[in-house]
Asks: 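Structure incoming, see below.
Protein chains get the first letters and strands the later ones, always in sequence-line order, with residue 1 at the start of each.
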Amino acid sequence: MGSAPITCAATAITYGVPISTLPIHEIIPTLRTQLASREAVVLSAPPGSGKTTVAPLALLGEPWLAGKNILMLEPRRLAARLAAGFMARQMGEEVGKTVGYRVRFEAKVSPATKVEVVTEGVLTRRMQDDPELAGVGLVIFDEFHERSLQADLALALCLDVMTGLRDDLKLLVMSATLDTEAVSRLLNNAPVVLGTGRSYPVGVEYCPGAPPAQPQPREIAKQVAAAIHKGLTEQPGDILAFLPGAAEIRHTQALLTAGLPPGEIAIHPLYGDLSLTAQTAAVQPDPKGRRRIILATPIAETSVTIEGIHTVVDSGWKRSPQFDPNSGLSRLTTQRISHASATQRAGRAGRRGPGHCYRLWSMGEDHGLKPFDPPEIMSADLSQMVLDLARWGVHKPDGLRWLDPPPAGHFAQAQSVLLTLGALDRQGHITPLGKKMAELPTHPRLGHMLLGAAKHNATDLACDLAALLSERDIIKGRERSADIEDRIHALAAFRTDGPAAARALEADTDGCRRVAQTSRQLREHLPKPARPKGNDKAAPAANAGELLALAFPDRIGQRRNEGRGQYKLTSGRGAVLPAHDRLAGQEYLAVAELDAGRIEGRIFLAAPLAREAITSLFDARLQREEKVFWEEQSGTVKGQRLLRLDELVLETAPLAKPSAEAVLTALLSGIRTLGLGALPWNDKARELQARIICMQGWQPEAGWPEVSDASLLETLEQWLAPYLTGMRSAEHLKKLDLFAILAAKLDWQQQSRLEREAPTHLTVPSGSKVRLRYTPGEPPVLAVRLQEMFGLADTPRVCNNTVPVLLHLLSPAQRPMQITQDLRGFWEGAYHEVKKELRGRYPKHHWPDDPWQAQPTSRIKPRK
DNA sequence: CTCTCCCT
């Protein structure tokens, strides 16, 4: 068996409420009286309570609604159609009479319609066109606990309308969870009406697996497969398992097929990217009556209901996108689910009878779960919403009353994207172009592309691209390329040669159908292309890359030379293609879809782009720059003329005459990278440096200049720059006379003081001029033959007689015999020992018993 | 080791 054994906690809790007959009817009278006197009411009732279909019809005859309609908001098209159909049947009517619906691509409404069920996008669009919501007396928000971006926006817009334009508009916010306090507060302390649901008890069993550190797909799959095996033996009926994503589903499926007898049990993956046929198969009962295991993403939490589920296995993880305002990109992350989500998942086992739920964590960890999922507004790309708000006249996150205001950073990022696209001005106000973009039923980036395409004679292609990017990828399969041309070809094949031709190109035919439909709708929103008049020549048609560049001007990729498939984006960020992708050889890409990743982004959809196309498309945004820099390799200052698009360098050319100032700056930075040793130091210059540093140490208050290596390196501009005129290479630097340059840091007075107080030589009793050696922080060293010092009592001093030198007293052969700063002490003491040794080694020299009276001599040869 | 879900 391909899965690990599993041990389960003996604890089991049960929740759920007893079955009763639609308890929602019991609270209808309360709902009526509350809504009659208040502008808003919150209705909280669990799934299965019937609130979606009961509440609108029950309120239809209210006097305050006379002559006005109900608008009900649903998060999904299917739910809108089902709810309208159910209500129409209740009234014994066709859909589109008293009860109708309006979703994208489809409307069933008539002048007789009193209840109109709409999806979220329809409502925000309608409010933009008709802010007063003329003829509407009540807006119902269904499934508000899902807290979609659009529902949050619609609620904020409704509240705005109610404060000014429409004091007779009422709201009913319906939610399946009990987190109603915040909504109630936002709606001026609206009353909360509580209903009960109708569901069966679900026994919950905790089966802790490995501790929940960072989840590995294989590890999650192993635990889920083990729990499924346990469920197969302990529980009857079908099993629904919740996993974070496709990778975990694949692994679990592999483990199960390896561990189960073939053919007896049907295993179905279920996730949004799957073909419609595969999804339908997963949702329906098995045609051969076999037991079923459904391996699903959170799609099965709300969007899809599966009949006959008795057992749920909950991994406790989900994958969701997190917007990163720094990069302006989203990344998918695997996270723990919320408590509300865990309850919702368990509830999926109790729709038709008592059920059972295995949770792959411990009961103790329940407390670590967040009570609710954060609303979408906290983690989404806000550019479309910010454009809608600008059109509404709102330019700041706090311009409306929100349940959770949009995060300021995300809001600002959206504004900056919209500014780049020309939809907003610097104040965040909408431009005429922005208004046109907001009227198109698509993301502002794609709207920008659609509107720009006419000029490039490519409106049809732009519609297809916008449709492709609005819907799920039509090419499935793990080996697919990121090249968007593949999708364009498949779509063309689908249109001209039918579904089989599309399938031959590995495209999903339902997907092609959806994309074609979306493309057609977008085309209808755009003006008909003007026929070229007389001898006007039509502009050459733009290709996919050029069009995508209009939508994603901040995501142009340039190949890096580090490895195949590595790109740098206009923002400076890195992004990679799989190395096997055929696009990977392209020098430039227009990137449409990518995941922010941790360090580097991952490119999922892109098109090749010619450099000439970039320069002509972004002419106004190109930066022409002259760059003068130190080239380490050649050790010279180089000048280049650059053509840049933000962080990308599109062209370089040598710069004939760089400005002297720029050359100097580059040369100085070159010296800084090479270090001070790159300058032509000689002993004389180093000695001068040491003498100045010594003087500064001995006379800290006397104003000696800072000339240590560190401070010289820091202050190159001040002391060295004036001597660098005309120089531009390491070779040129060799001509510098550092001694003279350093000396020039001293004024005349300091120079003569230096000669006096830190002299290069001292005259010793023999008459010789002997060199002093200076080392910063130490006394200067006078190395002199002992014989030359006869007769001198006191150690010579420098620095205005304050610093005794360190004497290295040498033998005639320059061997150090004694090191001392106390000459008098030496003559009186140690000399007499040294003398004996010297007499032995140098018998022909004169080694007097009385050095005080002896004649100093500089003669090297001994006396005859 | 290729990516959750949904909407105009």
Side-chain angles (χ1 to χ4, degrees), chain A residues 73-80 102-107 118-129 143 146-154 215-221 242-251 254 270-274 296-304 317-323 330-335 337 341 373 376 379-381 384-385 387-388 437-444 446-447 466-467 470-473 475-482 514 517-518 521-522 524-525 565 576-581 593-597 601-605:
Chain A
L73 191 61
E74 287 292 329
R76 282 165 289 278
R77 292 179 205 161
L78 183 65
R102 198 189 291 269
V103 298
R104 187 173 198 177
F105 306 125
E106 207 187 347
V118 299
T119 36
E120 292 167 343
V122 173
L123 179 63
T124 30
R125 191 140 297 269
R126 175 150 167 187
M127 293 193 73
Q128 292 286 2
D129 296 338
E143 314 280 11
E146 289 187 18
R147 295 296 305 280
S148 73
L149 184 56
Q150 298 256 46
D152 270 17
L153 172 62
Q216 293 300 315
R218 283 178 199 283
E219 189 52 38
I220 292 177
F242 284 101
L243 292 128
E248 292 83 355
I249 288 176
R250 271 198 305 276
H251 287 136
L270 177 60
Y271 50 94
D273 216 17
L274 231 44
T297 59
I299 193 175
E301 246 180 72
T302 50
S303 309
V304 165
W317 295 99
K318 66 161 184 173
R319 205 142 41 231
S320 59
Q322 190 62 45
F323 184 73
S330 290
R331 70 172 60 85
L332 274 183
T333 56
T334 308
Q335 304 145 328
I337 61 170
S341 190
D373 283 313
E376 194 186 356
S379 61
D381 166 17
Q384 200 163 358
M385 193 192 78
L387 183 60
D388 281 338
M437 282 160 60
E439 273 160 26
L440 294 172
T442 189
H443 191 280
L446 301 176
S470 308
E471 303 287 333
R472 286 180 181 281
D473 198 343
I475 306 261
K476 311 291 181 189
R478 302 177 59 189
E479 295 293 304
R480 63 189 159 184
S481 160
R514 272 197 299 269
Q517 189 180 29
T518 305
Q521 190 194 37
L522 292 171
E524 283 161 16
H525 275 83
V576 291
L577 278 171
H580 61 77
D581 199 301
E593 260 186 47
L594 77 160
D595 183 279
R602 286 193 323 201
I603 299 172
F604 294 118
L605 273 182

Asks: Expressed in angstrom and rounded to an integer, what is the separation of A/Gln150 atom CD from B/dC5 atom C1'?
Replies: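 Nearest whole value for this atom pair: 13 Å.
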
Asks: Rounded to whole angstrom units, what separation is found between the CD atom of A/Glu376 and the P atom of B/dT4?
Replies: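 So the CD-P distance, A/Glu376 to B/dT4, works out to 16 Å.
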
Asks: Nearest to the A/Gln384 side chain among B/dT8, B/dT4, B/dC7, which nucleotide is it?
Replies: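 So the side chain of A/Gln384 is nearest to B/dT8.
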
Asks: Are A/Lys476 and A/Asp273 within salt-bridge range, i.e. N to O under 4.0 Å?
Replies: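 Salt bridge present between A/Lys476 and A/Asp273.
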
Asks: What is the distance, to the nearest angstrom, from the CG atom on A/Leu440 to the P atom on B/dT8?
Replies: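 Taking CG of A/Leu440 and P of B/dT8, I get 15 Å after rounding.
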
Asks: Rounded to whole Å, please give me the gap between CG in A/Leu522 and P in B/dC7.
Replies: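 My rounded result for the distance is 16 Å.
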
Asks: Choose from B/dT8, B/dT2, B/dC5 the nucleotide whose nearest atom is closest to any side-chain atom of A/Tyr271.
Replies: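 When the side chain of A/Tyr271 is considered, B/dC5 is the closest of B/dT8, B/dT2, B/dC5.
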
Asks: Look at A/Thr119 and B/dT8 and indicate whether a side-chain polar atom (N or O) is within less than 4.0 Å of OP1 or OP2.
Replies: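 So the side chain of A/Thr119 is within the cut-off, an N or O lying under 4.0 Å from OP1 or OP2 of B/dT8.
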
Asks: Within the structure shown, what part of the strands sits under 4.0 Å from A/Pro321 by heavy-atom distance: base, sugar-phosphate, or nothing?
Replies: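 Base: the residue A/Pro321, judged by heavy atoms under 4.0 Å, touches a nucleobase.
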
Asks: Answer yes or no: is there an ion pair linking A/Arg480 with A/Asp473, defined by an N-O contact shorter than 4.0 Å?
Replies: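 Counted as a salt bridge, because a side-chain N and a carboxylate O are separated by less than 4.0 Å.
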
Asks: To the nearest Å, give me how far apart CD (A/Gln517) and P (B/dC7) are.
Replies: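 Rounding to the nearest Å, CD of A/Gln517 and P of B/dC7 are 13 Å apart.
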
Asks: Could you check how far CG of A/Asp381 sits from C1' of B/dT4, rounded to whole Å?
Replies: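 Result: 16 Å.
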
Asks: Identify whether any heavy atom of A/Thr442 sits under 4.0 Å from a base atom; if not, whether one sits that close to sugar-phosphate; answer base, sugar-phosphate or nothing.
Replies: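 The residue A/Thr442 makes base contact.
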
Asks: In this structure, how many angstroms lie between the C1' atom of B/dC6 and the CZ atom of A/Phe323, rounded?
Replies: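 One finds 18 Å between C1' of B/dC6 and CZ of A/Phe323, rounded.
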
Asks: Can you see if the side chain of A/Arg77 gets near the phosphate of B/dT8 - specifically, an N or O under 4.0 Å from OP1 or OP2?
Replies: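 Checking B/dT8 against A/Arg77, a side-chain N or O does come within under 4.0 Å of OP1 or OP2.
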
Asks: Any side-chain N or O of A/Ser470 below 4.0 angstrom from OP1/OP2 of B/dT8?
Replies: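 Checking A/Ser470 against B/dT8: no side-chain N or O falls below 4.0 Å of OP1 or OP2.
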
Asks: For the side chain of A/Ile299, counting heavy atoms from C-beta on, which of B/dC7, B/dC5, B/dT4 is nearest?
Replies: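 The listed nucleotide nearest to A/Ile299's side chain is B/dC5.
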
Asks: Would you classify A/Glu479 as touching base, sugar-phosphate or nothing, given that sugar-phosphate means primed atoms plus P, OP1 and OP2, and contacts are heavy atoms under 4.0 Å?
Replies: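 Contact class for A/Glu479: base.
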
Asks: Pairing donors with acceptors under 3.5 angstrom, does anything connect the side chains of A/Ser330 and A/Gln322?
Replies: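 The criterion, which ignores hydrogens and geometry beyond distance, is not satisfied for A/Gln322 and A/Ser330.
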
Asks: Please determine if a side-chain N or O atom of A/Ser303 lies less than 4.0 Å away from the OP1 or OP2 oxygen of B/dC6.
Replies: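 For B/dC6, OP1 or OP2 has a side-chain N or O of A/Ser303 closer than 4.0 Å.
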
Asks: Please determine if a side-chain N or O atom of A/Arg125 lies less than 4.0 Å away from the OP1 or OP2 oxygen of B/dT8.
Replies: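 Checking B/dT8 against A/Arg125, no side-chain N or O comes under 4.0 Å of OP1 or OP2.
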
Asks: Check whether the side chain of A/Arg104 and the base of B/dT8 form a donor-acceptor pair under 3.5 Å.
Replies: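 It does not, because no donor-acceptor pair links the side chain of A/Arg104 to the base of B/dT8 below 3.5 Å.
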
Asks: How many Å lie between CG on A/Leu153 and P on B/dT8, as a whole number?
Replies: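 Value for this atom pair: 14 Å.
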
Asks: If you check the A/Pro441 side chain, which of B/dC1, B/dT8, B/dT4 turns out closest?
Replies: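 When the side chain of A/Pro441 is considered, B/dT8 is the closest of B/dC1, B/dT8, B/dT4.
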
Asks: Under 4.0 Å from OP1 or OP2 of B/dC6: is there any side-chain N or O of A/Arg472 that close?
Replies: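 The answer is yes; a side-chain N or O of A/Arg472 sits under 4.0 Å from OP1 or OP2.
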
Asks: Using the test side chain to side chain donor-acceptor pair (under 3.5 Å), find all partners of A/Gln521 that sit at least two apart in sequence or belong to another chain.
Replies: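 For A/Gln521, the residues satisfying side chain to side chain donor-acceptor pair (under 3.5 Å) (neighbours in sequence not counted) are A/Arg104.
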
Asks: In chain order, what residues pass the ring-ring contact (aromatic ring centres under 6.0 Å, His included) check against A/Tyr271, with sequence neighbours excluded?
Replies: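 ring-ring contact (aromatic ring centres under 6.0 Å, His included) check on A/Tyr271 returns nothing, list empty.
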
Asks: Tell me which of A/Gln521 and A/His251 sits closer to the 5' end of DNA chain B, going by the nucleotide each one is nearest to.
Replies: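 Whichever sits nearer the 5' end wins; that is A/His251.
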
Asks: Answer yes or no: is there an ion pair linking A/Arg76 with A/Glu143, defined by an N-O contact shorter than 4.0 Å?
Replies: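 Judged by the 4.0 Å cut-off on N to carboxylate O distance, A/Arg76 and A/Glu143 do not form a salt bridge.
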
